[in-house]
Amino acid sequence: MTDMSEREFVLTLSCPDSRGIVAAVANLLAAHSGNIDESQQCGDHYTGRFFMRVQFSVDDAGVSEDALRGAFAGLAAEFSMDWNLWRRDVRPRVLVMVSRFGHCLNHLLYRQRSGLLGIDIAGVVSNHRDLEFLADSYGLPFHHLPVTSQNKPAQEARLLELVEDAEVDLVVLARYMQVLSEDLCQKMSGRVINIHHSFLPSFKGARPYHQAHARGVKLIGATAHYVTADLDEGPIIEQEVARVDHAATPEQLTAMGQDLESVALARAVGWHAEHRILINGEKTVVFR
Ligand SMILES: Nc1nc2c(c(=O)[nH]1)N[C@@H](CN(C=O)c1ccc(C(=O)N[C@@H](CCC(=O)O)C(=O)O)cc1)CN2
């Protein structure tokens with residue numbers, strides 16, 4: 001039973017690798033009545049960077065969050081860390097974007113409603129009205145933002161207003177089929193996750209199942225990744241695959257792929273919500 005004064009936090013950090021980082025973090029926590037509940041770390045020998053995630057609880061009411069932040073700031077200066085401290089009782093606010101295919105949206109809404117996804121869904125945005133009924137069925141705001149090459153900048157400005165007004169932490173592209181501009185990607189860097197319906201780096205772009213059918217692959221897949229301006233090139237978070245054979249039509253591949261997409265995206269969003277993903281250049285470190 002959680003003692004009410006017990007607060008739970010997650011610390012994430014990355015820094016140039018060196019001796020003593022884990023000990024320094026552990027000693028700092030011990031000095032602030034911190035009890036480590038879960039700790040994972042790894043060094044990337046190719047980049048010389050070190051990555052760490054520590055989940056800890058503090059049951060000493062005399063230790064404030066500001067005091068913790070102050071202490072970590074000091075440590076961060078010593079080790080040149082990029083770091084974040086998160087309260088575990090604060091759930092990220094998520095805006096889900098979708099076009100016409102609703103399977104990934106449906107899966108996210110159901111898992112969130114079932115308590116299996118630690119997020120709060122702030123609303124649904126779509127460039128079509130096809131899935132408005134699904135947002136309505138969950139009592140969620142639905143924002144219809146049709147996109148043309150003429151109105152794209154204005155619609156993206158409207159999207160950023162929605163993100164601001166609804167205090168959105170994460171945007172999820174749950175089969176949203178419009179390419180986001182470089183400006184939007186920069187403004188939302190590390191805060192947009194997309195599900196691409198192929199096993200990247202194979203079959204980028206639109207219609208990957210038709211590309212897979214034409215190539216005669218024996219495995220199909222789905223890839224959840226952070227969005228960058230370069231289409232389907234962002235840091236990969238999670239991938240799912242399934243075996244297929246020569247008899248499968250593009251339509252059958254599309255149907256089989258829906259489950260892979262839904263599972264990979266929900267898993268990636270869950271890990272992001274638990275602060276288990278750290279960006280490592282063009283890749284990710286995922287402390288599952
Ligand atoms: N900046 C980015 N924006 C988006 C990405 C991304 O990686 N970076 N991923 C896409 C999703 N996607 C594949 O996963 C994808 C979406 C759309 C297209 C595409 O060619 N779209 C056509 C229009 C298609 C239509 O209107 O139905 C286009 O934009 O000309 C390819 C891949 C989401 N956004």
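Order of appearance sets the numbers: ligands from 1, and atoms from 1 within every ligand.
Aromatic ring centroids of His272 and Tyr226 lie under 6.0 Å apart.
Under the 30°/60° scheme for interplanar angles, the aromatic rings of Phe72 and Trp83 are found to be tilted.
If you check the side chains of Gln239 and Thr223, you find a donor sitting under 3.5 Å from an acceptor.
The Gly205 neighbourhood of ligand 1 comprises atoms 31 (C), 32 (C), with distances under 4.0 Å to a heavy atom of that residue. Annotation for ligand 1: atoms under 4.0 Å from non-hydrogen atoms of His196 are 13 (C), 14 (O). Short contacts between ligand 1 and Leu173, defined as distances under 4.0 Å to a heavy atom of the residue, involve ligand atoms 33 (C), 34 (N). Residue Ala206 approaches ligand 1 through these ligand atoms, each under 4.0 Å from one of its heavy atoms: 20 (O), 31 (C).
The heavy atom nearest to atom 8 (N) of ligand 1, out of those in Thr228, Leu184, Thr223, Asp230, is found in Thr228. Distances from atom 16 (C) of ligand 1 to the heavy atoms of Lys152, Arg100, Met177 put Met177 nearest.
Within the 4.0 Å heavy-atom criterion, both parts of Asp232, backbone and side chain, lie near ligand 1. At a 4.0 Å heavy-atom cut-off, ligand 1 touches Leu231 through backbone and side chain alike. With a heavy-atom cut-off of 4.0 Å, Cys185 touches ligand 1 through its side chain alone. Residue-level proximity to ligand 1 for Gln178 is carried by backbone and side chain together, each with a heavy atom below 4.0 angstrom. Residue contacts with ligand 1 for Asn194 involve side-chain atoms from C-beta outward but no N, CA, C or O (heavy atoms, distance under 4.0 Å).
In this structure the side chain of Cys42 reaches within 4.5 angstrom of the side chain of Val285, judged on heavy atoms. In this structure the side chain of Tyr209 reaches within 4.5 angstrom of the side chain of His197, judged on heavy atoms. The shortest side-chain heavy-atom distance between Met97 and Leu159 falls under the 4.5 Å cut-off.
Residue, atom and distance of the protein heavy atom nearest to atom 3 (N) of ligand 1 are Leu180 N, 2.9 Å. For atom 28 (C) of ligand 1, the nearest protein heavy atom (residue, atom name, distance) is Val179 CG2, 4.4 Å.
Looking at Arg276 and Glu38, a side-chain N of the basic residue comes within less than 4.0 Å of a carboxylate O on the acidic one, giving a salt bridge. Under the 4.0 Å criterion applied to side-chain N and carboxylate O atoms, Arg93 and Asp169 are not assigned as salt-bridge partners. With respect to the salt-bridge test (charged N to carboxylate O, under 4.0 angstrom), the residues Arg49 and Asp82 qualify.
Ligand 1 lies out of reach of Lys204, whose nearest heavy atom is not under 4.0 Å from it. At a 4.0 Å cut-off, at least one heavy atom of Ile195 sits close enough to ligand 1 to count as contact. Under a 4.0 angstrom heavy-atom cut-off, Val192 registers as lying outside contact with ligand 1.
Residue His197 places no N or O, backbone or side chain, under 3.5 Å from any N or O of ligand 1.
Of all heavy-atom pairs spanning His196 and Lys204, the tightest one is NE2-CA, 3.8 Å.
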task: Let me see the working for Glu8 and Arg87 under salt bridge (Lys or Arg N to Asp or Glu O under 4.0 Å), right down to the final yes or no.
output: CA-CA 6 Å; Glu8 297 184 84; Arg87 285 176 42 184; over 6 Å; no
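Protein heavy atoms are absent from the 4.0 Å sphere centred on atom 30 (O) of ligand 1.
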